[in-house]
Amino acid sequence: MKVVITREISSKAKELFAQNNIDVEIWPNQLPPKPSELKELCKEADGIISMLSDQINKELIDSCSNLKAISNYAVGYNNIDTEYCKEKSIRVGNTPDVLTEATAELALALTLASTRNLVNAHNDTRKGSWKTWEPMGYLGPALKGKTLGIFGMGRIGFSYARKMKLAFDMNIIYTARNKKVEYEKEINAQKVSLEELSKTSDILSIHSPLTDETRGVFNENIFNNMKTTLHLINTARGEIIDQDALVKCLTDNSISGAALDVTTPEPLPLDHPLYKCKNLTLVPHIGSATNEARNEMAELAAKNIINALIGKEMPARIC
Ligand code: NAP
Ligand code: GLV
Ligand code: GLV
């Protein structure tokens, strides 16, 4: 049996496949395979560990005649046509839980980076353009006692909200499809409408999956509803925000700042108008990038594939 891993990941995965006598082929390059290269790479694979940058669509699936299992090396799986996988009886897994803390920690870091102007302050210092202590410079809002809105109160949204509650005693409001009774009790959170969330939040952080329902939810109408002092944080998926609308409201300061780990596309082309916004903090999709999370993701992704290939349940199965 043969498994393809579409990028180099922690050697934990290779070790587990070796223990189970499964051959592994790893895409050798730093840049991801192009669609045609992905097809060629995967055509004889029984299992694939895919990255979120790989489009696992009908065409790719149809070109893999032996394919029985896919595991995304991510918790989000909007890059995989799961409906088609179900039709073809191909099992699909992902890597939930093991990256929750890492991603919540990054959301916390981005919140402080945006509100306290850290990147501009750092750049000014390094460039020598900071001349003296500035009584009126680099001002931003305090977090203590402010209202934090969570869009998508799931594993990561809750972990981040709890940290913000404990660290800054913030009031937590959230949207989700279902009420989260346990979470509400633990951090005194309140479920509200999207309208209320956008109107009341001082910090608003996005943690939902990308679906047909969430694509472009943060559009001009929603932005118009927000406080001018709001900071928007996105560690979920770029497509949840209408980026043109975001450029407009960062440019005319109708919100104070945004910090993004995710954009459309990734990376953004260098001439993109978002780069002109001084009130934007941008990092390259590093939510799960702790040593611990990436090792555990490799292990879980490998276990998903191994179990599917030996006829056991995947530890983290989507379909
Ligand atoms: P999760 O536990 O499934 O949480 C997702 C939450 O979003 C759930 O509370 C869900 O509510 C809510 N939701 C779904 N549809 C919604 C809608 N239409 N409106 C409002 N809320 C909605 O997932 P997770 O593990 O926290 O991960 C969340 C997402 O983060 C992933 O899908 C992925 O795209 C992204 N992510 C990014 C990074 C990164 O590197 N930046 C790392 C990890 C994850 P219900 O429970 O009521 O359905
Ligand atoms: C990363 O973006 C993930 O979904 O795990
Ligand atoms: C600032 O450095 C202070 O001492 O207040």
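In this text the structure is predicted, and so the values were computed from the model without any measurement. Start at 1 and go down the list; that is how both ligands and their atoms are numbered.
- Remark: among candidates A289, P209, P284, the nearest residue to atom 32 (O) of ligand 1 is P209, based on non-hydrogen atoms.
- D54 has no carboxylate O lying under 4.0 Å from a charged side-chain N of R7, or vice versa, which leaves the two without a salt bridge.
- Of all atoms in ligand 1, numbered sequentially from 1 with element shown, those under 4.0 Å from a heavy atom of D261 are 39 (C), 40 (O), 41 (N).
- Atoms of ligand 2 lying under 4.0 Å from at least one heavy atom of L52, given by number and element, are 1 (C), 2 (O).
- Near A74, meaning under 4.0 Å from any of its heavy atoms, are these atoms of ligand 2: 3 (C), 4 (O), 5 (O).
- Every atom of ligand 1 is numbered from 1 in the order shown, and the set under 4.0 Å from a heavy atom of H285 is 39 (C), 40 (O), 41 (N).
- For ligand 2 and R237, the ligand atoms under 4.0 Å from any heavy atom of the residue are 1 (C), 2 (O), 3 (C), 4 (O).
- Every atom of ligand 2 is numbered from 1 in the order shown, and the set under 4.0 Å from a heavy atom of H285 is 1 (C), 2 (O).
- Between E101 and K163 there is a salt bridge, with a side-chain nitrogen of the basic residue lying less than 4.0 Å from a carboxylate oxygen of the acidic one.
- Using a 4.0 Å cutoff on heavy atoms, L210 does not count as a contact of ligand 1.
- If you look at S288 next to ligand 1, the close heavy atoms, those under 4.0 Å, all belong to the backbone.
- In summary, the atoms of ligand 1 found under 4.0 Å from a heavy atom of N178, numbered by their order in the structure, are 45 (P), 47 (O), 48 (O).
- A salt bridge is defined here as a Lys NZ or Arg NE, NH1 or NH2 lying under 4.0 Å from an Asp or Glu carboxylate O, and E299 with K303 meets this definition.
- Per-residue contacts place M153 under 4.0 angstrom from the following atoms of ligand 1 (heavy atoms of the residue considered): 9 (O).
- From the protein, the heavy atom lying nearest to atom 36 (N) of ligand 1 is T235 O, 3.7 Å.
- At least one N or O atom of V75, backbone or side chain, sits closer than 3.5 Å to an N or O atom of ligand 2.
- The pair D46-K68 meets the salt-bridge criterion, with a side-chain N (NZ, NE, NH1 or NH2) lying under 4.0 Å from an Asp/Glu carboxylate O.
- In this pair, F218 and F151 present their aromatic rings perpendicular. The plane angle is above 60°, beyond the 30 to 60° band.
- For atom 10 (C) of ligand 1, no protein heavy-atom neighbour is found at a distance under 4.0 Å.
- Contact annotation: the side chain of L16 approaches that of Q19 to within less than 4.5 Å [non-hydrogen atoms, C-beta and beyond].
- Between G157 and ligand 1, a contact under 3.5 Å exists for no N or O pair.
- In terms of protein heavy atoms, atom 42 (C) of ligand 1 is closest to T103 OG1, 3.2 Å.
- For ligand 1, the atoms closer than 4.0 angstrom to any heavy atom of F151 are 19 (N), 20 (C).
- Counting heavy atoms of neighbouring residues, nucleotides and ligands inside a 6.0 Å radius, atom CZ of F158 exceeds 12 of them.
- Of the protein's heavy atoms, R155 NH2, 3.5 Å lies nearest to atom 23 (O) of ligand 1.
- Within the listing of ligand 1, atoms 18 (N) sit less than 4.0 angstrom from a heavy atom of E213.
- Considering backbone and side-chain atoms together, L99 places no N or O closer than 3.5 Å to any N or O of ligand 2.
- For D252, the CG atom counts as densely surrounded, since its 6.0 Å shell holds more than 12 non-hydrogen atoms of other residues, nucleotides or ligands.
- Within the structure, the closest approach of P96 to ligand 1 does not fall below 4.0 Å when heavy atoms are considered.
- The proximity of T214 to ligand 1, defined as any non-hydrogen pair under 4.0 Å, is limited to the side chain.
- Within 6.0 Å of the CD atom in E15, the count of heavy atoms belonging to other residues, nucleotides or ligands exceeds 12.
- Of all protein heavy atoms, the one lying nearest to atom 2 (O) of ligand 3 is W133 NE1, 4.9 Å.
- Among the atoms of R177, some N or O lies under 3.5 angstrom from an N or O of ligand 1.
- Nearest protein neighbour of atom 12 (C) of ligand 1, counting heavy atoms only, is G152 CA, 3.7 Å.
- When non-hydrogen atoms are compared, ligand 1 lies under 4.0 Å from the side chain of R237 (C-beta onward) but not from its backbone.
- Residue L260 is tested with I241, I233, I206 for a side chain to side chain contact (heavy atoms under 4.5 Å, CB included); the sole match is I241.
- Checked by atom type and distance alone, the side chain of K165 pairs as donor or acceptor with a backbone atom of M170 at under 3.5 Å.
- Residue contacts with ligand 1: I156 is placed with a nitrogen or oxygen under 3.5 Å of a nitrogen or oxygen of the ligand (distance criterion only).
- No heavy atom of T211 sits closer than 4.0 Å to any atom of ligand 1.
- Each of T6, N72, N94, N79 was evaluated against S50; a single residue qualifies, N72, per the side chain to side chain donor-acceptor pair (under 3.5 Å) test.
- The protein heavy-atom contact nearest to atom 22 (C) of ligand 1 is S208 CB, 4.0 Å.
- One finds a salt bridge joining E186 and R162 here, because a Lys/Arg side-chain nitrogen approaches an Asp/Glu carboxylate oxygen to under 4.0 Å.
- Judged by the 6.0 Å and 45° rule, K58 forms a cation-pi pair with Y84.
- When the options M297, K191, K180, H207 are ranked by their closest heavy atom to atom 28 (C) of ligand 1, first place goes to H207.
- Salt bridge K12/E296: absent, no basic N to carboxylate O contact under 4.0 Å.
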